[in-house]
Amino acid sequence: MTTTTEAAALPLIAVVGATGTGKSALALDIAEQLIGDGRSVEIVNADASQLYRGMDIGTAKLAPGERRGIRHHLFDVLEVTEEASVARYQTEARAVITGIRERGAVPILVGGSGLYVSAVVYDFRFPGTDAALRARLEAELSERGPGLLHQRLKALDANAAERIGSQNGRRLVRALEIIEITGEPHAASLPDEPVEWMPLAMVGLTLDRADLVPRLDARVQQMWADGMLAEVETLIPLGIERGVTASRAIGYAQALAQLRGEIDEAEAIDQTQALTRRYARRQVSWFKRYPNTTWIGATDAARVASAMRAVGDRR
(Lines give C-alpha, C1' and ligand atoms only; values in the text may rest on other atoms or scores of the structure.)
Protein backbone atom coordinates (compact mmCIF):
# COMPACT_ATOMS: atom_id res chain seq x y z
CA MET A 1 0.00 0.00 0.00
CA THR A 2 1.29 3.43 -0.94
CA THR A 3 1.70 5.81 1.98
CA THR A 4 0.73 9.48 1.93
CA THR A 5 4.41 10.42 2.04
CA GLU A 6 5.21 8.23 -0.96
CA ALA A 7 2.28 9.63 -2.94
CA ALA A 8 3.35 13.15 -2.05
CA ALA A 9 6.69 12.44 -3.67
CA LEU A 10 4.89 12.30 -7.01
CA PRO A 11 3.36 15.41 -8.55
CA LEU A 12 -0.23 15.86 -9.60
CA ILE A 13 -0.34 14.37 -13.10
CA ALA A 14 -2.42 16.12 -15.76
CA VAL A 15 -3.10 14.59 -19.18
CA VAL A 16 -4.28 17.20 -21.67
CA GLY A 17 -4.64 17.82 -25.38
CA ALA A 18 -7.19 18.16 -28.14
CA THR A 19 -10.28 16.02 -28.32
CA GLY A 20 -9.73 12.73 -30.09
CA THR A 21 -6.06 12.32 -29.21
CA GLY A 22 -6.53 9.50 -26.69
CA LYS A 23 -6.19 11.27 -23.34
CA SER A 24 -8.39 8.84 -21.42
CA ALA A 25 -6.48 5.82 -22.69
CA LEU A 26 -3.13 7.37 -21.83
CA ALA A 27 -4.32 8.31 -18.34
CA LEU A 28 -5.37 4.70 -17.78
CA ASP A 29 -2.04 3.41 -19.12
CA ILE A 30 -0.12 5.73 -16.79
CA ALA A 31 -2.31 4.63 -13.90
CA GLU A 32 -1.65 0.96 -14.61
CA GLN A 33 2.08 1.62 -14.83
CA LEU A 34 2.01 3.29 -11.41
CA ILE A 35 -0.15 0.52 -9.96
CA GLY A 36 2.39 -1.97 -11.26
CA ASP A 37 5.01 -0.02 -9.30
CA GLY A 38 2.97 -0.52 -6.12
CA ARG A 39 1.16 2.82 -6.02
CA SER A 40 -2.53 3.60 -5.68
CA VAL A 41 -3.99 5.84 -8.39
CA GLU A 42 -7.30 7.65 -8.90
CA ILE A 43 -8.44 9.61 -11.96
CA VAL A 44 -10.24 12.96 -11.94
CA ASN A 45 -12.31 14.19 -14.89
CA ALA A 46 -11.56 17.61 -16.38
CA ASP A 47 -13.98 17.52 -19.31
CA ALA A 48 -16.85 19.92 -18.69
CA SER A 49 -19.39 17.94 -20.73
CA GLN A 50 -18.56 14.66 -18.98
CA LEU A 51 -19.75 16.19 -15.72
CA TYR A 52 -23.29 15.64 -16.99
CA ARG A 53 -25.27 12.53 -16.16
CA GLY A 54 -26.59 10.86 -19.30
CA MET A 55 -24.32 12.68 -21.75
CA ASP A 56 -22.19 9.72 -22.70
CA ILE A 57 -22.04 9.06 -26.45
CA GLY A 58 -21.51 12.66 -27.47
CA THR A 59 -18.75 13.19 -24.90
CA ALA A 60 -16.88 9.90 -25.50
CA LYS A 61 -17.24 9.19 -21.79
CA LEU A 62 -15.63 5.96 -20.64
CA ALA A 63 -18.26 3.49 -19.43
CA PRO A 64 -17.64 2.11 -15.92
CA GLY A 65 -16.62 -1.22 -17.44
CA GLU A 66 -13.91 0.50 -19.48
CA ARG A 67 -12.20 2.13 -16.49
CA ARG A 68 -9.98 -0.91 -15.75
CA GLY A 69 -11.07 -1.04 -12.13
CA ILE A 70 -9.50 2.37 -11.40
CA ARG A 71 -11.53 4.79 -9.32
CA HIS A 72 -12.79 7.79 -11.31
CA HIS A 73 -14.14 11.08 -9.95
CA LEU A 74 -16.37 13.92 -11.18
CA PHE A 75 -18.23 12.02 -13.84
CA ASP A 76 -22.06 12.23 -13.87
CA VAL A 77 -22.25 14.82 -11.09
CA LEU A 78 -24.55 17.34 -12.80
CA GLU A 79 -28.10 17.14 -14.09
CA VAL A 80 -28.57 18.44 -17.63
CA THR A 81 -30.59 21.36 -16.25
CA GLU A 82 -27.67 22.58 -14.13
CA GLU A 83 -25.18 25.14 -15.39
CA ALA A 84 -21.56 24.04 -15.39
CA SER A 85 -19.42 26.50 -13.46
CA VAL A 86 -15.64 26.49 -13.61
CA ALA A 87 -15.45 28.17 -10.20
CA ARG A 88 -17.56 25.42 -8.65
CA TYR A 89 -15.57 22.80 -10.50
CA GLN A 90 -12.29 24.22 -9.20
CA THR A 91 -13.46 23.90 -5.61
CA GLU A 92 -14.80 20.37 -6.06
CA ALA A 93 -11.87 19.07 -8.10
CA ARG A 94 -9.29 20.42 -5.67
CA ALA A 95 -11.16 18.86 -2.76
CA VAL A 96 -11.20 15.51 -4.59
CA ILE A 97 -7.48 15.74 -5.42
CA THR A 98 -6.64 16.65 -1.83
CA GLY A 99 -8.64 13.66 -0.63
CA ILE A 100 -6.85 11.36 -3.07
CA ARG A 101 -3.47 12.46 -1.79
CA GLU A 102 -4.59 12.11 1.83
CA ARG A 103 -5.52 8.50 1.02
CA GLY A 104 -1.96 7.93 -0.16
CA ALA A 105 -2.93 7.71 -3.84
CA VAL A 106 -1.65 9.56 -6.91
CA PRO A 107 -4.21 11.81 -8.66
CA ILE A 108 -4.35 11.97 -12.46
CA LEU A 109 -6.38 14.85 -13.88
CA VAL A 110 -7.49 14.18 -17.45
CA GLY A 111 -9.51 16.24 -19.89
CA GLY A 112 -9.51 18.78 -22.66
CA SER A 113 -11.51 21.65 -21.14
CA GLY A 114 -8.65 24.13 -20.94
CA LEU A 115 -10.10 26.55 -18.43
CA TYR A 116 -11.20 23.71 -16.15
CA VAL A 117 -7.73 22.15 -16.17
CA SER A 118 -6.03 25.49 -15.64
CA ALA A 119 -8.35 26.44 -12.81
CA VAL A 120 -7.28 23.34 -10.92
CA VAL A 121 -3.56 23.08 -11.60
CA TYR A 122 -2.66 26.78 -11.47
CA ASP A 123 -3.13 29.44 -8.82
CA PHE A 124 -6.18 31.02 -10.38
CA ARG A 125 -8.69 32.88 -8.20
CA PHE A 126 -12.18 33.63 -9.45
CA PRO A 127 -13.70 37.01 -8.72
CA GLY A 128 -17.17 36.98 -7.22
CA THR A 129 -20.34 37.95 -9.03
CA ASP A 130 -22.47 41.06 -9.05
CA ALA A 131 -26.15 40.25 -9.64
CA ALA A 132 -27.09 43.72 -10.87
CA LEU A 133 -24.09 43.95 -13.20
CA ARG A 134 -24.73 40.44 -14.52
CA ALA A 135 -28.40 41.29 -15.18
CA ARG A 136 -27.43 44.44 -17.08
CA LEU A 137 -24.94 42.59 -19.27
CA GLU A 138 -27.36 39.74 -19.92
CA ALA A 139 -30.07 42.21 -20.90
CA GLU A 140 -27.64 43.86 -23.30
CA LEU A 141 -26.78 40.45 -24.73
CA SER A 142 -30.46 39.65 -25.23
CA GLU A 143 -31.25 43.00 -26.83
CA ARG A 144 -28.18 43.57 -28.98
CA GLY A 145 -26.58 40.17 -29.45
CA PRO A 146 -23.05 38.96 -28.65
CA GLY A 147 -21.23 40.92 -31.37
CA LEU A 148 -21.09 44.24 -29.51
CA LEU A 149 -20.09 42.54 -26.26
CA HIS A 150 -17.30 40.80 -28.13
CA GLN A 151 -16.04 44.08 -29.59
CA ARG A 152 -16.06 45.68 -26.12
CA LEU A 153 -14.15 42.74 -24.65
CA LYS A 154 -11.68 42.85 -27.55
CA ALA A 155 -10.86 46.45 -26.67
CA LEU A 156 -10.31 45.54 -23.01
CA ASP A 157 -8.75 42.08 -23.27
CA ALA A 158 -7.92 40.93 -26.81
CA ASN A 159 -6.64 37.55 -25.64
CA ALA A 160 -9.83 36.73 -23.78
CA ALA A 161 -11.94 37.92 -26.73
CA GLU A 162 -10.06 35.68 -29.14
CA ARG A 163 -10.27 32.69 -26.81
CA ILE A 164 -14.01 33.06 -26.17
CA GLY A 165 -15.04 33.94 -29.72
CA SER A 166 -17.80 36.21 -30.92
CA GLN A 167 -20.81 33.91 -30.36
CA ASN A 168 -20.45 32.59 -26.81
CA GLY A 169 -22.69 35.13 -25.11
CA ARG A 170 -22.58 33.50 -21.67
CA ARG A 171 -18.79 33.61 -21.46
CA LEU A 172 -18.63 37.13 -22.94
CA VAL A 173 -20.96 38.33 -20.19
CA ARG A 174 -18.83 36.66 -17.51
CA ALA A 175 -15.57 38.07 -18.90
CA LEU A 176 -16.94 41.61 -18.95
CA GLU A 177 -18.38 41.13 -15.47
CA ILE A 178 -14.96 40.07 -14.15
CA ILE A 179 -13.29 43.09 -15.73
CA GLU A 180 -15.83 45.51 -14.26
CA ILE A 181 -15.69 43.90 -10.80
CA THR A 182 -11.90 43.90 -10.62
CA GLY A 183 -11.30 47.13 -12.52
CA GLU A 184 -8.44 45.39 -14.34
CA PRO A 185 -8.56 45.42 -18.16
CA HIS A 186 -6.92 42.01 -18.53
CA ALA A 187 -8.60 40.28 -15.60
CA ALA A 188 -10.44 37.83 -17.85
CA SER A 189 -7.19 36.25 -19.08
CA LEU A 190 -5.08 33.72 -17.28
CA PRO A 191 -1.54 34.83 -16.47
CA ASP A 192 1.14 34.18 -19.10
CA GLU A 193 3.38 32.53 -16.50
CA PRO A 194 1.02 30.65 -14.19
CA VAL A 195 1.95 29.52 -10.70
CA GLU A 196 1.33 25.85 -9.95
CA TRP A 197 -1.22 25.02 -7.26
CA MET A 198 0.88 21.99 -6.31
CA PRO A 199 3.84 20.19 -7.95
CA LEU A 200 2.63 19.29 -11.44
CA ALA A 201 3.58 16.99 -14.29
CA MET A 202 1.63 18.13 -17.35
CA VAL A 203 1.59 15.65 -20.23
CA GLY A 204 0.09 16.76 -23.53
CA LEU A 205 -0.91 14.57 -26.45
CA THR A 206 -0.42 15.99 -29.92
CA LEU A 207 -1.35 14.84 -33.40
CA ASP A 208 -0.74 16.47 -36.76
CA ARG A 209 -3.90 18.22 -37.91
CA ALA A 210 -3.83 16.26 -41.18
CA ASP A 211 -4.22 13.10 -39.09
CA LEU A 212 -6.47 14.55 -36.40
CA VAL A 213 -9.20 15.95 -38.65
CA PRO A 214 -10.15 12.61 -40.28
CA ARG A 215 -10.15 11.03 -36.84
CA LEU A 216 -12.49 13.70 -35.49
CA ASP A 217 -14.82 13.50 -38.48
CA ALA A 218 -15.02 9.71 -38.17
CA ARG A 219 -15.66 10.03 -34.45
CA VAL A 220 -18.68 12.25 -35.06
CA GLN A 221 -20.05 9.85 -37.66
CA GLN A 222 -19.66 7.05 -35.13
CA MET A 223 -21.52 9.05 -32.48
CA TRP A 224 -24.62 9.09 -34.66
CA ALA A 225 -24.15 5.43 -35.56
CA ASP A 226 -23.90 4.58 -31.83
CA GLY A 227 -27.23 6.23 -31.04
CA MET A 228 -26.59 9.92 -30.42
CA LEU A 229 -30.20 10.82 -31.29
CA ALA A 230 -31.61 8.17 -28.99
CA GLU A 231 -29.41 9.42 -26.15
CA VAL A 232 -30.60 13.00 -26.63
CA GLU A 233 -34.23 11.85 -26.82
CA THR A 234 -33.85 10.33 -23.35
CA LEU A 235 -32.44 13.63 -22.06
CA ILE A 236 -35.31 15.80 -23.32
CA PRO A 237 -37.74 14.71 -20.55
CA LEU A 238 -34.92 15.39 -18.08
CA GLY A 239 -34.78 19.02 -19.24
CA ILE A 240 -31.74 19.27 -21.50
CA GLU A 241 -33.48 21.92 -23.61
CA ARG A 242 -33.62 24.12 -20.50
CA GLY A 243 -29.99 23.49 -19.63
CA VAL A 244 -27.91 26.59 -20.29
CA THR A 245 -24.69 24.62 -20.73
CA ALA A 246 -25.78 21.11 -21.67
CA SER A 247 -28.08 22.19 -24.49
CA ARG A 248 -25.23 24.07 -26.17
CA ALA A 249 -22.65 21.27 -26.00
CA ILE A 250 -21.17 20.34 -29.36
CA GLY A 251 -23.20 17.53 -30.87
CA TYR A 252 -26.06 17.87 -28.41
CA ALA A 253 -27.20 21.21 -29.82
CA GLN A 254 -27.11 19.73 -33.32
CA ALA A 255 -28.94 16.56 -32.29
CA LEU A 256 -31.64 18.66 -30.64
CA ALA A 257 -31.99 20.72 -33.81
CA GLN A 258 -32.32 17.52 -35.84
CA LEU A 259 -34.99 16.16 -33.51
CA ARG A 260 -36.91 19.43 -33.84
CA GLY A 261 -36.78 19.06 -37.63
CA GLU A 262 -34.71 22.21 -38.10
CA ILE A 263 -31.88 20.36 -39.85
CA ASP A 264 -31.48 16.88 -41.27
CA GLU A 265 -29.01 14.25 -40.11
CA ALA A 266 -26.37 15.12 -42.70
CA GLU A 267 -26.47 18.76 -41.61
CA ALA A 268 -26.32 17.82 -37.92
CA ILE A 269 -23.25 15.66 -38.50
CA ASP A 270 -21.59 18.24 -40.74
CA GLN A 271 -22.12 21.06 -38.22
CA THR A 272 -20.86 18.90 -35.36
CA GLN A 273 -17.75 17.96 -37.34
CA ALA A 274 -16.99 21.59 -38.15
CA LEU A 275 -17.47 22.72 -34.54
CA THR A 276 -15.39 19.82 -33.24
CA ARG A 277 -12.52 20.70 -35.58
CA ARG A 278 -12.69 24.33 -34.45
CA TYR A 279 -12.81 23.31 -30.80
CA ALA A 280 -9.75 21.07 -31.22
CA ARG A 281 -7.84 23.99 -32.71
CA ARG A 282 -8.71 26.16 -29.70
CA GLN A 283 -7.65 23.38 -27.32
CA VAL A 284 -4.23 23.13 -28.97
CA SER A 285 -3.76 26.90 -28.71
CA TRP A 286 -4.82 26.90 -25.06
CA PHE A 287 -2.50 24.18 -23.82
CA LYS A 288 0.45 25.38 -25.90
CA ARG A 289 0.48 28.53 -23.77
CA TYR A 290 1.86 26.82 -20.71
CA PRO A 291 5.50 25.97 -19.98
CA ASN A 292 6.84 22.69 -18.66
CA THR A 293 4.35 20.57 -20.60
CA THR A 294 5.81 17.38 -22.06
CA TRP A 295 4.29 16.90 -25.51
CA ILE A 296 3.99 13.35 -26.77
CA GLY A 297 2.78 12.09 -30.13
CA ALA A 298 -0.66 10.51 -29.81
CA THR A 299 0.43 7.59 -31.99
CA ASP A 300 3.90 7.25 -30.44
CA ALA A 301 4.39 3.63 -29.38
CA ALA A 302 6.55 4.83 -26.49
CA ARG A 303 4.07 7.43 -25.22
CA VAL A 304 3.57 5.74 -21.84
CA ALA A 305 7.32 5.54 -21.23
CA SER A 306 7.67 9.20 -22.27
CA ALA A 307 4.88 10.18 -19.90
CA MET A 308 6.47 8.28 -17.03
CA ARG A 309 9.79 10.04 -17.65
CA ALA A 310 7.98 13.38 -17.48
CA VAL A 311 6.42 12.39 -14.14
CA GLY A 312 9.78 11.24 -12.82
CA ASP A 313 11.42 14.50 -13.88
CA ARG A 314 9.01 16.49 -11.74
CA ARG A 315 9.48 14.47 -8.54
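Predicted model, so just to flag it, every value in this text is computed and none were measured.
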Between [X] and [Y], is any side-chain donor less than 3.5 angstrom from a side-chain acceptor?
X      : Y      : result
Arg289 : Ser118 : no
Arg309 : Ser306 : yes
Gln90  : Trp197 : no

- Query: Are Lys61 and Asp47 within salt-bridge range, i.e. N to O under 4.0 Å?
  - Reply: no

Given 3.5 Å as the limit, does a donor-acceptor pair link the side chain of [X] with the main chain of [Y], or not?
X      : Y      : value
His73  : Arg71  : no
Glu231 : Asp56  : yes
Thr245 : Ala84  : yes
Tyr252 : Ala246 : no
Gln283 : Gly112 : yes
Thr293 : Gly204 : no
Asp264 : Ala266 : yes
Gln254 : Gly251 : yes
His150 : Ala161 : yes

- Task: Mind checking the CD1-CE spacing from Ile269 to Met228? Nearest 0.5 Å is all I need.
- Result: 10.5 Å

- Is it the case that one hydrophobic cluster holds both Ile57 and Leu229, taking links as side-chain heavy atoms less than 4.5 Å apart, direct or via other members? yes

- Task: Name all residues meeting the side-chain contact (heavy atoms from CB on, under 4.5 Å) criterion together with Glu82; count only those two or more places apart in sequence or in a different chain, and write none if there are none.
- Result: Leu78, Glu79, Arg88

- So with a 6.0 Å cut-off around CD of Glu140, is the heavy-atom count from everything else above 12? yes

- Query: Would one find more than 12 heavy atoms of other residues, nucleotides or ligands at under 6.0 Å from atom CZ of Arg260?
  - Reply: yes

- Item | Heavy-atom side-chain proximity of Asp130 to Glu180 below 4.5 angstrom | no

- Query: Which residues satisfy the side-chain hydrogen bond (donor to acceptor under 3.5 Å, both in side chains) test with Arg94, sequence neighbours excluded?
  - Reply: none

- Query: Got a sec, which residues hit side-chain hydrogen bond (donor to acceptor under 3.5 Å, both in side chains) with Glu196, two or more places apart in sequence or on another chain?
  - Reply: Arg314

- Identify the two heavy atoms, one from Arg134 and one from Val173, that lie closest to each other, and give their separation to 0.1 Å. CD-CG1, 3.5 Å

- Item | The single option from Ile30, Thr21, Ile43, Val117 passing side-chain contact (heavy atoms from CB on, under 4.5 Å) against Val15 | Ile30

- Task: Kindly confirm or rule out a cation-pi arrangement of Arg282 over Trp286, judged by NZ or CZ under 6.0 Å from the six-membered ring centre and within 45° of its axis?
- Result: no

- Message: Evaluate Arg219 against Thr19 for side chain to side chain donor-acceptor pair (under 3.5 Å), listing each step before the verdict.
- Response: CA-CA 10 Å; Arg219 182 173 174 176; Thr19 187; 3.3 Å; yes

